[in-house]
Q: 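I am attaching a structure below and will ask some questions about it afterwards.
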Amino acid sequence: MSPEEWRQLLAGRLVWKETTESTNDDARALVEDGAEAGTVVVAERQTAGRGRKGAEWFCAPGDGLAFSVILAPEWERHHWAWTALGAGLAVCEALEGVGMTPSIKWPNDVYLDERKVCGILVEAIGERVVAGIGLNVNGGEFPEGVEAISMEQAGGRSYQRESVLELIWRRLMEVSERSVEEISGAVWERLAWRDREVEILPAGDRGRIVGLGPHGELLVDGDVGRLVVTDAGSLRAAP
Ligand code: BTN
């Protein structure tokens with residue numbers, strides 16, 4: 001697709017960049033300039049794409065999607081932690097729409113076949129939230145040590161990036177109008193390792209995932225009782 005064709009997507013609410021540092025930073029600047037909810041920044045290349053906890057984010061130009069959406073969630077400010085899970089839900093529903101069976105790995109990843117296909121970085125800016133989404137659409141070459149998968153690898157065929165972007169954008173807009181209760185139920189249905197033993201790293205605590213708390217926390221029953229996990233370096237199925 002040409003830059004012009006990209007820019008015509010989403011009724012003119014899309015800002016397309018060949019190269020940028022991070023689309024989350026671009027979206028933040030747009031929020032500060034008063035951009036409306038639903039505005040999206042997409043980049044073919046990010047020179048400083050970032051993930052949670054300062055990790056680098058790699059996106060294969062021409063194969064992956066790296067974009068940030070400005071949201072104005074309906075729910076109260078103290079529920080905004082649901083935004084990452086809500087964005088994961090929107091990505092899942094979009095992938096389900098093309099026949100895939102994704103899951104949400106708490107708190108901000110989407111998995112296909114037990115491997116990461118999408119990472120989400122949510123940042124609050126005043127009354128707005130920026131949801132940065134990195135999705136492996138086609139191809140399948142990842143930096144050494146990265147255990148990831150693309151939609152193409154999981155689905156056995158390639159996907160049109162612009163159609164996938166539009167699907168996710170529509171689901172995001174729709175999910176941000178749902179109640180926290182609805183989102184919680186839909187996330188729980190898709191949660192990876194639900195009712196299964198997990199290990200929470202780096203502490204190494206273990207237990208069974210039994211639910212989601214009112215603020216999107218992960219509830220884990222372990223030997224020492226109920227753990228309310230609000231932040232995890234990393235979570236994995238218990239070996
Ligand atoms: C993670 O897995 O830790 C989250 C990765 C989020 C990556 C996306 S790509 C688009 C947006 N811009 C960034 O710099 N990061 C997010």
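Keep in mind it's a predicted model, so treat the numbers as computed, not measured. In each ligand, atom 1 is the first atom listed, and ligand 1 is the first ligand listed.
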Q: At what distance, to the nearest 0.5 angstrom, does CG of L135 lie from CZ of F67?
A: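 L135 CG to F67 CZ: 7.0 Å, rounded to 0.5 Å.
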Q: Just to confirm my output: which protein heavy-atom neighbour is closest to atom 2 (O) of ligand 1, and how far is it?
A: K116 NZ, 2.6 Å
Q: Can you pull out the closest protein heavy atom to atom 15 (N) of ligand 1? Residue, atom name and distance to 0.1 Å, please.
A: R50 O, 2.7 Å
Q: Is there a donor-acceptor pair under 3.5 Å between the side chain of N138 and the backbone N or O of Y159?
A: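 Present.
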Q: Any atoms of ligand 1 less than 4.0 Å from a non-hydrogen atom of G51? List them with their elements.
A: 1 (C), 3 (O), 4 (C), 5 (C)
Q: I need the atoms of ligand 1 closer than 4.0 Å to a non-hydrogen atom of S22, numbered in the order shown.
A: 12 (N), 13 (C), 14 (O)
Q: Quick one, V229 and W106 - any side-chain contact, counting heavy atoms below 4.5 Å?
A: yes
Q: Using a 4.0 Å heavy-atom threshold (strictly under), name the region of D109 that reaches ligand 1: side chain, backbone, both or neither.
A: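 Only the side chain of D109 comes within reach of ligand 1.
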Q: Who's the nearest protein heavy-atom neighbour of atom 12 (N) of ligand 1, and how far?
A: Q46 OE1, 2.9 Å
Q: State, yes or no, whether a side-chain contact exists between L218 and L212 at a heavy-atom distance under 4.5 Å.
A: yes
Q: State, yes or no, whether a side-chain contact exists between E114 and W193 at a heavy-atom distance under 4.5 Å.
A: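 A side-chain contact exists here, since the closest heavy-atom pair is under 4.5 Å.
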Q: Considering heavy atoms of the protein only, find what lies nearest to atom 3 (O) of ligand 1 and give residue, atom and distance to 0.1 Å.
A: R52 N, 2.7 Å
Q: Could you tell me which atoms of ligand 1, counted from 1 in the order shown, lie closer than 4.0 angstrom to a heavy atom of F67?
A: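 Those qualifying, in numeric order: 10 (C).
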Q: So do the side chains of V69 and M173 get within less than 4.5 Å of each other, counting heavy atoms only?
A: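 The answer is yes, as the side chains (C-beta and beyond) meet within the 4.5 Å cut-off.
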Q: Can you sort out which atoms of ligand 1 are near I120, meaning under 4.0 Å from one of its heavy atoms?
A: 4 (C)
Q: Answer yes or no: is there a side-chain heavy-atom contact under 4.5 Å between S68 and E123?
A: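 S68 does not reach E123 side chain to side chain.
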Q: Measure the distance from atom 11 (C) of ligand 1 to every protein heavy atom, then report the residue, atom name and distance (to 0.1 Å) of the closest one.
A: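 Result: T23 OG1, 3.3 Å.
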Q: Heavy-atom distances under 4.0 Å decide this one: backbone, side chain, both or neither, for C59 against ligand 1?
A: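 Under 4.0 Å from ligand 1, C59 contributes no heavy atoms.
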Q: In terms of residue, atom name and distance, what is the protein heavy atom nearest to atom 5 (C) of ligand 1?
A: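 In this structure, atom 5 (C) of ligand 1 has W57 CE3, 3.4 Å as its nearest protein heavy atom.
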Q: Tell me whether S68 reaches ligand 1 (any heavy atom closer than 4.0 angstrom to a ligand atom).
A: yes
Q: Please report the interatomic distance CG(L172) to CD1(I133), rounded to the nearest 0.5 Å.
A: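 One gets 4.5 Å once the value is rounded to the nearest 0.5 Å.
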Q: Please identify which atoms of ligand 1 are closer than 4.0 Å to at least one heavy atom of G49.
A: 14 (O)
Q: Are the side chains of D205 and V220 in touch, meaning some heavy atoms are under 4.5 Å apart?
A: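 Side chain of D205 against side chain of V220, heavy atoms only: no contact under 4.5 Å found.
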